[in-house]
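First the structure, in the form of structure tokens, and then the observations on it.
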2 protein chains.
Amino acid sequence: MPDPAHATSTDPASDTPADATTAAAASAPADAADTAATAPREAGGTRPPRSAATRAAILAAARDRFAADGYERATIRAIAKEAGIDPSMVMRYYGNKAGLFAAASEIEVHAPDLTHVPHDELGARLVRHFLERWESDETMTGMMRVGVTNDAGAQRMRKVFAEQIEPVLSAVCPVPEEAELRSGLIASQVLGMALCRYVLHIPPAVALSHDEVVAWLAPTIQRYLTADLP
Amino acid sequence: MPDPAHATSTDPASDTPADATTAAAASAPADAADTAATAPREAGGTRPPRSAATRAAILAAARDRFAADGYERATIRAIAKEAGIDPSMVMRYYGNKAGLFAAASEIEVHAPDLTHVPHDELGARLVRHFLERWESDETMTGMMRVGVTNDAGAQRMRKVFAEQIEPVLSAVCPVPEEAELRSGLIASQVLGMALCRYVLHIPPAVALSHDEVVAWLAPTIQRYLTADLP
DNA sequence: TACGCTTGCCAACAAGCGTTGACCAACATG
DNA sequence: CATGTTGGTCAACGCTTGTTGGCAAGCGTA
């Protein structure tokens with residue numbers, strides 16, 4: 001019984017056209033054309049240029065709250081308060097909560113170029129990079145926090161994995177066909193350490209220094225990347 | 001009439017989480033005269049025997065919903081509906097949502113006795129056991145889902161780690177002082193694979209057979225358990 | 001029969017949620 | 001000046017949440 005299917009109520013991914021009012025805005029998360037929802041009566045056809053400043057402030061606040069509280073506990077009101085504006089502005093700029101989340105969870109792993117790294121240093125290089133990336137801001141922690149409870153978040157993580165992790169490793173994988181498998185194994189160790197260290201705060205995982213984490217995990221990553229298939 | 005006791009805090013982790021297990025009694029400090037029905041102080045002599053059947057039904061439903069939806073999306077109403085009783089019964093039996101969660105998250109990892117396992121088979125044995133444990137029911141998946149977003153859940157996971165994982169590994173660890181560190185490393189890999197495989201559903205992690213997971217992870221676990229410190 | 005205790009349902013409460021529409025201050029342009 | 005667009009606030013809506021108090025039915029005992 002592998003799959004705990006829980007595609008239930010408040011799921012920003014399954015924004016089916018059932019709700020006609022929010023469908024248009026939700027499908028256009030970025031600064032795309034929002035049609036009838038926000039410009040109901042005017043037939044001017046003018047594209048309203050919106051204030052980029054508050055828009056960015058909302059996005060920053062949303063990232064912060066989603067990362068700290070997860071999807072359902074991060075309320076629109078709290079995000080608006082942190083951004084210093086009215087909750088209704090959030091709706092006007094991003095349509096609805098799902099649209100805001102879609103925009104806020106657009107993340108960049110910034111995976112490094114590994115093609116010129118000596119092959120026996122790949123593990124250490126990868127571990128150190130992700131360590132720094134995880135601690136640079138709360139984006140990764142937040143994405144994981146949301147990815148675990150919310151299906152749209154999990155989908156985002158799969159997308160990041162497929163588009164940002166896998167290609168980088170595929171470039172240095174001896175057999176490209178095995179890149180997906182090896183990437184999955186590496187992700188399991190890297191995400192697992194991040195989970196224990198940054199989210200669950202399991203004491204021994206928190207106590208490790210950067211160098212210790214690298215010393216322990218790098219051989220594992222190295223083996224997942226280069227060892228023969230079983 | 002107004003209830004100021006919990007007006008500010010809807011978070012089960014906000015109050016001192018040490019007494020989370022007795023949240024029902026702990027959450028009613030002073031003005032809770034209404035607890036005459038729900039909080040029988042054991043000094044009375046006769047402990048009111050409550051219907052164990054519905055009590056168990058509630059607990060089973062709660063485990064199910066918490067595991068599937070996480071703490072905040074699992075509503076009392078949904079749990080009661082699944083248990084086939086009225087929502088108010090949940091309150092009468094478990095005090096409040098935090099108390100119900102405390103009772104529902106009382107889990108057993110059933111870590112195996114490793115003292116008679118050959119030392120070079122420890123890794124494989126551990127991986128295989130946890131694989132089966134994770135797939136036997138949704139308890140572990142649910143605990144992780146809750147542990148990531150809710151601080152009370154994270155505390156539960158730390159407790160399980162300290163009381164059920166660490167002792168077992170400490171018994172087979174050559175140097176007992178290193179057991180905590182080595183347990184943390186092992187947890188990072190085991191939980192990481194579980195996260196990718198059962199929660200995030202990252203394709204290559206899902207595609208692996210049991211034997212493949214064991215073949216890949218066992219050497220890692222073995223090394224974390226027995227390798228010299230860096 | 002009447003009582004007390006337990007078990008349960010019902011209806012309601014206050015609070016908080018996402019979301020909406022009316023209204024207002026600028027301000028550039030006819 | 002008048003006017004229309006833009007960025008923003010305010011108050012409310014419908015709904016769901018956790019939670020509570022009152023009341024009805026079962027039942028062993030006096």
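The basis for the numbers below is simple: all heavy atoms, side chains too, and nothing from hydrogens, waters or symmetry mates. Residue numbering restarts at 1 for every chain, and letters A, B, ... go by the order of the sequence lines.
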Atom pair distance, as rounded to whole Å: CG in Leu100(A) and P in dC17(C): 15 Å
message: Please tell me if Thr75(A) has a side-chain N or O lying less than 4.0 Å from either OP1 or OP2 of dC17(C).
response: yes
field: Polar side-chain atom of Arg145(A) near backbone of Val148(B) as donor-acceptor pair, under 3.5 Å
entry: yes
- prompt: Can you check the Glu72(B) CD to dG18(D) P distance for me, whole Å?
  reply: 10 Å
Separation of dT19(D) P from Asp86(B) CG (nearest whole Å): 14 Å
- line: Paired with Ser105(B), the side chain to side chain donor-acceptor pair (under 3.5 Å) test is passed by just one of Lys159(B), Arg156(B), Arg63(B), namely Arg156(B)
message: Check this for me, if you would: do Glu135(B) and Arg197(B) make a salt bridge, where the nitrogen-to-carboxylate-oxygen distance has to be below 4.0 angstrom?
response: yes
- prompt: Is the closest side-chain donor-acceptor distance between Gln189(A) and Ser188(B) under 3.5 Å?
  reply: yes
- request: Please test Ser51(B) against Tyr93(B) for side chain to side chain donor-acceptor pair (under 3.5 Å), starting from the C-alpha separation and ending with a verdict.
  value: CA-CA 10 Å; Ser51(B) 164; Tyr93(B) 277 59; 4.7 Å; no
task: Return the orientation label for the Tyr71(A) and Phe66(A) ring planes: parallel under 30°, perpendicular over 60°, tilted otherwise.
output: parallel
field: Angle by which the axis turns from one end of the helix from dT1(C)-dA30(D) to dG30(C)-dC1(D) to the other, five pairs per end, to 10 degrees
entry: 30°
- request: Could you state the atom-to-atom distance from CE of Met89(B) to C1' of dC10(C) in whole Å?
  value: 13 Å
query: Does any donor atom in the side chain of Tyr224(B) or Thr220(A) lie under 3.5 Å from an acceptor atom in the other side chain?
result: yes
task: Nearest whole angstrom, please: distance from the C1' of dT6(D) to the OH of Tyr93(A).
output: 8 Å
- line: On a heavy-atom basis, the closest approach of Leu169(B) and Ser183(B) is CD1-OG, 3.5 Å
task: Between Arg77(A) and Gly84(B), name the one whose nearest nucleotide on DNA chain C is closer to the 5' end.
output: Gly84(B)
message: Between C1' on dT17(D) and CD1 on Ile76(B), what's the gap in Å once rounded to a whole number?
response: 10 Å
query: Starting at CZ of Arg73(B) and ending at P of dT16(D), how long is that distance when rounded to a whole Å?
result: 16 Å
Between the protein and nucleotides 22-27 of chain D, are there any N/O to N/O pairs under 3.5 Å, and if so, what are the atom names and distances?
residue	atom	partner	partner atom	Å
dG22(D)	O6	Arg92(B)	NH2	3.2

- line: From CG of Asn96(B) across to P of dT19(D) the rounded distance in Å is 5 Å
task: Please tell me which of the listed nucleotides, dC17(C), dT20(D), dA12(C), lies nearest to the side chain of Met91(B)?
output: dT20(D)
- request: Only one of Phe130(A), Phe161(A), Trp134(A) passes side-chain contact (heavy atoms from CB on, under 4.5 Å) with Leu191(A); say which it is.
  value: Trp134(A)
task: Mind checking Ala80(B) for me? I need base, sugar-phosphate or nothing, with any heavy atom below 4.0 Å counting as a touch.
output: nothing
